[in-house]
Structures are given as C-alpha cells and as structure tokens.
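Presented below is the structure to which this report refers.
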Amino acid sequence: SESVKRDWSIRDFEIGKPLGKGKFGRVYLAREAKSKYIVALKVIFKEQIEKYRLQHQLKREMAIQTSLRHPHVLRLYGWFHDAERIFLILEYAHGGELYGELRRSGHLSEKQAATYIASLTHALAYCHEKHVIHRDIKPENLLLDHEGRLKIADFGWSVQSKNKRHTMCGTLDYLAPEMVENKAHDYAVDNWTLGILCYEFLYGVPPFEADSQADTFRRIMKVDLTFPSTPHVSAEAKVLITQLLVKDSAKRLSLENILKHPWIIMNADPNGT
Ligand SMILES: Clc1cnc2c(Nc3ccc(N4CCOCC4)cc3)nc(-c3cccnc3)cn12
C-alpha cells in the first residue's frame with residue numbers, strides 16, 4: 001500500500017495552512033494527493049541543520065520516531081528531501097498543542113491533569129523499554145488528537161541510551177538537577193519532568209519558574225518546591241509531585257509506581273481522553 005512507499009516527494013502532497021513554526025522550520029497541514037490522507041509536513045532547512053551541526057541528531061530523531069509505535073507517541077510515517085529542505089511526514093494531531101489548552105484554561109482539572117500524566121507515563125515506559133530517553137518533554141512538545149488524547153511529538157532531543165548521557169539540551173524549567181549540572185544522567189530525567197508537568201498542569205506555571213535562568217537553576221538545584229494556596233489542589237496530587245521532584249534520581253517514583261499512585265487511580269480516565 002502507499003504507506004510503505006519509500007520514495008516520497010513534494011509532488012505527492014498538497015500543502016495546506018502552516019500549523020506552527022519550530023526552531024528549524026515550519027509545520028504545515030498537508031494531504032497526500034492520491035489517498036487524500038491528512039498529515040503534518042515538517043519542513044526543515046538543511047542550511048540551518050548544517051549551521052548548528054545537527055545532522056546526526058536529526059537522523060537520530062528520525063530513526064527513533066520512525067521505530068516507535070505507541071498510541072501516545074506521534075507517528076513519523078516517512079521523510080524525503082530536496083536540494084535545500086528535509087521533509088518529515090508526521091501524523092496530524094487534530095487537537096493542536098496541549099500548551100494552547102493549558103494557556104486558555106489557566107490550569108487543568110485534576111482529572112484532566114491525571115489523565116495526561118498517565119498517558120505520558122505509559123508512553124515513557126514504552127520509550128524506556130526501547131532504550132529511548134526523551135529528555136525534552138515540555139508542553140510545547142505535547143499535542144492532542146481528535147479525541148483529545150495526548151501525543152508526544154518532537155523527539156529532537158531524545159537519545160538511544162546505551163549508557164549515561166552528558167549533552168545539554170532544552171529550556172531549564174523542565175531539566176532535572178543532574179542535567180542542569182551537566183552530569184551523567186539516565187532515564188530518571190523523564191520521571192523528574194513528569195513531576196514538573198504535573199505541577200504545571202495543576203497550577204498553570206512550572207514549579208521552579210523565576211525571573212532569570214540563574215534563579216531557575218538555583219531553585220532546581222535546591223528543589224525549592226512550594227505549593228500556592230490557589231488553585232485548590234488535592235493532597236494526593238502534591239504527594240505525587242513531591243515523590244517525583246527528588247534530587248537523587250534513584251529515589252524518584254518509578255513509572256510503574258506512578259500508574260499505581262492513588263491520585264492517578266482516582267483521577268485518570270482509563271481511555272486517555
Ligand atoms: Cl507535528 C504536528 C502534527 N499536528 C500538529 C499540529 N496540529 C494542529 C491542529 C489543530 C490546530 N488548531 C486547531 C483549531 O484552533 C487553532 C489551532 C493547530 C495545530 N500543530 C503543530 C504545531 C502547532 C504549533 C506550533 N508548532 C507545531 C504540529 N503538529
């Protein structure tokens with residue numbers, strides 16, 4: 001069938017509206033001309049990739065995302081290139097960016113937040129068993145499908161982790177202490193980030209936000225975690241966040257135990273919507 005076709009080209013697609021722009025190019029709504037199948041086409045400029053010497057990282061992102069098959073991981077169907085651009089043929093997420101929903105509503109309900117955290121945990125458990133650490137889970141990289149189910153996108157910073165990693169990446173807010181200290185790190189960085197996201201879903205801002213990167217850095221290293229009195233958040237949610245935002249990566253709650261946590265059991269919608 002078409003979907004296993006190898007040699008795609010721009011002529012196979014009708015390009016629609018721009019959906020947004022990333023660091024190295026734009027994402028467009030597009031339709032495969034013959035099947036009328038709707039996709040998102042991510043256009044990346046080769047000169048940008050060469051300028052920042054990210055060829056190997058892009059190849060790694062593409063190899064990783066092509067190999068992953070999970071309901072909460074955005075599919076990369078294939079790719080092609082021309083003289084100056086690389087095109088990624090991606091699953092279209094009809095609901096757009098989760099970030100948009102978070103900004104519109106200010107903060108999410110405990111049920112919605114727990115449902116997204118459970119979906120993310122399932123997706124990360126799948127990635128970790130495939131030896132993939134995402135390392136850059138943040139609201140901008142989270143999309144929603146037509147049923148409001150979460151999809152992790154943008155594996156730009158993920159790595160096939162055979163051993164510990166040392167490379168810096170991402171904005172500070174979501175980085176675990178061992179990453180901001182540029183120390184060796186492993187899978188548990190994604191567990192830390194789940195704690196950051198759970199806090200941000202419930203309060204509307206990340207826990208260590210500060211006016212300067214230096215202050216954010218200090219707050220992360222101190223694990224300077226405080227819970228505002230509004231909006232009201234249940235004690236169970238605070239317990240889960242506190243069990244994830246632990247400086248010693250070996251002491252963070254495991255993905256398996258997140259899914260068994262009382263707050264998740266009580267609040268997450270089993271079919272992820
Ligand atoms: Cl990859 C990928 C797959 N699908 C998407 C997507 N989908 C999408 C759907 C719907 C709406 N709208 C729904 C009605 O209200 C207005 C927005 C936006 C994006 N957006 C982005 C994106 C969005 C913003 C910035 N950088 C990328 C990337 N995507």
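Reckoned from all heavy atoms, side chains included, excluding hydrogens, waters and symmetry mates. Keep in mind that this is a model prediction, so the values were computed, not measured.
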- Message: Could you walk me through whether Phe13 and Trp8 satisfy the ring-ring contact (aromatic ring centres under 6.0 Å, His included) test, starting with their C-alpha distance in whole Å, then the side-chain angles of each, then the deciding distance to 0.1 Å, before giving a yes or no?
- Response: CA-CA 9 Å; Phe13 296 92; Trp8 293 105; 5.5 Å; yes

- Message: Run Glu32 and Ser35 through side chain to side chain donor-acceptor pair (under 3.5 Å) and show every step you take.
- Response: CA-CA 6 Å; Glu32 199 278 318; Ser35 63; 2.6 Å; yes

- Query: Going through the distances and angles, do Asn267 and Thr115 end up as a side-chain contact (heavy atoms from CB on, under 4.5 Å)?
  - Reply: CA-CA 7 Å; Asn267 291 287; Thr115 300; over 6 Å; no

- Message: Assess the residue pair Leu88 and Leu41 against the criterion (side-chain contact (heavy atoms from CB on, under 4.5 Å)); give the C-alpha distance rounded to whole Å, side-chain angles, the decisive distance to 0.1 Å, and a yes or no.
- Response: CA-CA 6 Å; Leu88 305 185; Leu41 210 53; over 6 Å; no

- Task: Determine, stepwise, if the pair Trp192 / Leu194 fulfils side-chain contact (heavy atoms from CB on, under 4.5 Å).
- Result: CA-CA 5 Å; Trp192 169 277; Leu194 280 173; over 6 Å; no

- Query: Stepwise, does the side-chain contact (heavy atoms from CB on, under 4.5 Å) test hold for Leu102 with Glu200?
  - Reply: CA-CA 9 Å; Leu102 186 57; Glu200 180 163 12; 3.7 Å; yes

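Considering all non-hydrogen atoms of both residues, Pro139 and Tyr174 come closest at CD-OH, 3.3 Å. The heavy-atom pair separating Leu143 from Ala93 by the smallest distance is CB-CB, 3.6 Å. Taking all atoms of both residues into account, the shortest heavy-atom contact from Leu90 to Val39 is O-CB, 3.4 Å. Between Val73 and Ala123, the closest heavy-atom pair is CG2-CB, 4.2 Å. The nearest pair of heavy atoms linking Lys151 to Pro71 is NZ-O, 2.9 Å. Closest of all the heavy-atom pairs between Ile264 and Ala114 is CD1-O, 3.8 Å.
Going from atom CZ of Phe87 over to atom CD1 of Ile10 covers 4.0 Å, rounded to the nearest 0.5 Å. Atom CG of Leu76 sits about 6.5 Å away from atom CE of Met62, to the nearest 0.5 Å. Considering CG of Leu98 and CG of Leu108, their distance stands at 6.5 Å, rounded to 0.5 Å. Here the CG-CD distance, from Leu68 to Gln65, works out to 7.0 Å after rounding to the nearest 0.5 Å. Rounding to the nearest 0.5 angstrom, the gap separating the CG atom in Leu142 from the OH atom in Tyr116 is 9.5 Å. Ile196 CD1 to Asp190 CG: the interatomic distance, rounded to the nearest 0.5 Å, is 12.5 Å.
Ile44 and Leu29 are assigned to two separate hydrophobic clusters, defined by single-linkage of ILVMFWY side chains at heavy-atom distances under 4.5 Å.
No donor-acceptor contact under 3.5 angstrom links the side chains of Gln112 and Ser109, judged on distance only. In this model, a donor atom of one side chain and an acceptor atom of the other lie less than 3.5 Å apart for Ser254 and Asn257. Side chains of His81 and Lys46: a donor on one and an acceptor on the other come within 3.5 Å. Residues Tyr52 and Gln57 bring no donor and acceptor atom of their side chains to less than 3.5 Å of each other. The closest side-chain donor-acceptor pair between Tyr203 and Glu209, if any, does not fall under 3.5 angstrom. Between His72 and Tyr126, the side chains place no donor N or O within less than 3.5 Å of an acceptor N or O (distance only, hydrogens not considered).
Atom CD of Gln213 is surrounded by 12 or fewer heavy atoms from other residues, nucleotides or ligands within 6.0 Å. By the neighbour-count criterion of 12 heavy atoms within 6.0 Å, atom NZ of Lys222 is sparsely surrounded, having that number or fewer from other residues, nucleotides or ligands. More than 12 heavy atoms of other residues, nucleotides or ligands shown are found within 6.0 angstrom of OH on Tyr99. Atom CG of Asp211 sits in a sparse spot, with 12 or fewer heavy atoms from other residues, nucleotides or ligands closer than 6.0 Å.
Between Arg252 and Glu178 there is a salt bridge, since at least one side-chain N of the basic residue sits less than 4.0 Å from a carboxylate O of the acidic one. Glu147 has a carboxylate O that lies under 4.0 Å from a charged side-chain N of Arg149, or vice versa, which qualifies the two as a salt bridge. Classification of Lys36 and Glu14 as a salt-bridged pair holds, one side-chain N sitting under 4.0 Å from a carboxylate O.
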Less than 3.5 Å apart, which donor and acceptor atoms pair up between the side chains of residues 230-240 and the rest of the protein, not counting sequence neighbours?
{"unit_1": "Ser234", "atom_1": "OG", "unit_2": "Glu110", "atom_2": "OE1", "d": "2.7"}
{"unit_1": "Ser234", "atom_1": "OG", "unit_2": "Ala237", "atom_2": "N", "d": "3.3"}

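At distances below 3.5 Å, at least one donor-acceptor pair connects side-chain atoms of Asn191 with backbone N or O atoms of Leu253.
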